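These figures come from a predicted structure and were not determined experimentally.
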Amino acid sequence: MSLLDGVCAVFMLAGAGFCLAGTVGVLRFPDVYCRLHALTKVDNLGLGLVVVGLALQSGSWATALKLLLVWLFVLVASAFTCQLIARAALRRGTPAWSGRRES
């Protein structure tokens, strides 16, 4: 295993860890707004780390550029989707978490 393989593995494992943390946040956070935050912020960083690891391992600039473009499109789509879901929840009157536990 070369140094490049090790660096790529570290990036991809870190990205997988961030994606796992985002998934746990979606399952555990109390309201739709907190869940959206976990999903968009953490999973975008996780995908970015995985893409960096794959781009370093790809071997060609064209493939690396395509991977980075995919990540850019996911970032843009995720931002728009998050905003639309939050706006729909707000218009429906979905309350934000007040900080108190419901019994």
Side-chain angles (χ1 to χ4, degrees):
M1 185 167 158
S2 70
L3 179 63
L4 180 63
D5 291 339
V7 170
C8 292
V10 167
F11 274 116
M12 288 190 272
L13 287 173
F18 276 103
C19 288
L20 179 65
T23 302
V24 170
V26 168
L27 296 174
R28 299 284 300 167
F29 281 166
D31 68 342
V32 68
Y33 308 108
C34 292
R35 290 176 183 164
L36 284 173
H37 175 76
L39 184 63
T40 56
K41 303 299 184 256
V42 176
D43 282 346
N44 285 333
L45 180 60
L47 178 61
L49 290 171
V50 169
V51 164
V52 168
L54 290 173
L56 289 174
Q57 197 71 355
S58 67
S60 76
W61 287 102
T63 305
L65 181 63
K66 289 176 189 176
L67 286 168
L68 292 173
L69 284 174
V70 166
W71 181 44
L72 177 69
F73 290 142
V74 169
L75 284 174
V76 172
S78 177
F80 282 120
T81 304
C82 175
Q83 195 268 341
L84 290 173
I85 292 172
R87 182 187 294 178
L90 189 64
R91 285 185 178 170
R92 278 190 157 182
T94 304
W97 183 54
S98 64
R100 289 179 267 148
R101 287 198 156 198
E102 297 176 14
S103 302

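- Of all heavy-atom pairs spanning Phe29 and Ala38, the tightest one is CE1-CB, 3.6 Å.
- Evaluation of the side-chain hydrogen bond (donor to acceptor under 3.5 Å, both in side chains) test over residues 62-71, restricted to residues two or more places apart or in two chains, returns Ser60-Thr63.
- Side-chain contact check for Leu47 versus Phe18: every heavy-atom pair is 4.5 Å or farther apart.
- Side chains of Leu68 and Leu72 form no contact here, defined as non-hydrogen atoms less than 4.5 Å apart.
- The shortest side-chain heavy-atom distance between Leu49 and Met12 does not fall under the 4.5 Å cut-off.
- Counting all heavy atoms, side chain and backbone alike, Pro30 lies closest to Arg35 at O-NH2, 4.1 Å.
- The side-chain heavy atoms of Thr94 and Asp31, taken from C-beta on, include no pair separated by under 4.5 Å.
- Gln57 and Cys8 get closest at one heavy-atom pair: OE1-SG, 3.3 Å.
- Note on Leu45: it does not cluster hydrophobically with Leu75, by side-chain heavy-atom contacts below 4.5 Å among ILVMFWY residues.
- Two residues are said to be in side-chain contact when any heavy atoms from C-beta on lie closer than 4.5 Å; Leu4 and Leu56 meet this criterion.
- Under the 4.5 Å side-chain heavy-atom criterion for grouping Ile, Leu, Val, Met, Phe, Trp and Tyr, Leu90 is connected to Ile85 within one hydrophobic cluster.
- In this structure, CG in Leu67 is found 6.0 Å from CG in Leu54, a value given to the nearest 0.5 Å.
- No side-chain heavy atom of Phe11 sits under 4.5 Å from any side-chain heavy atom of Val50.
- Considering SG of Cys82 and OH of Tyr33, their distance stands at 11.0 Å, rounded to 0.5 Å.
- Looking only at distances, no side-chain donor or acceptor of Thr81 sits under 3.5 Å from a matching main-chain atom of Ser78.
- Among all heavy-atom pairs drawn from Asn44 and Thr40, the shortest one is ND2-O, 2.6 Å.
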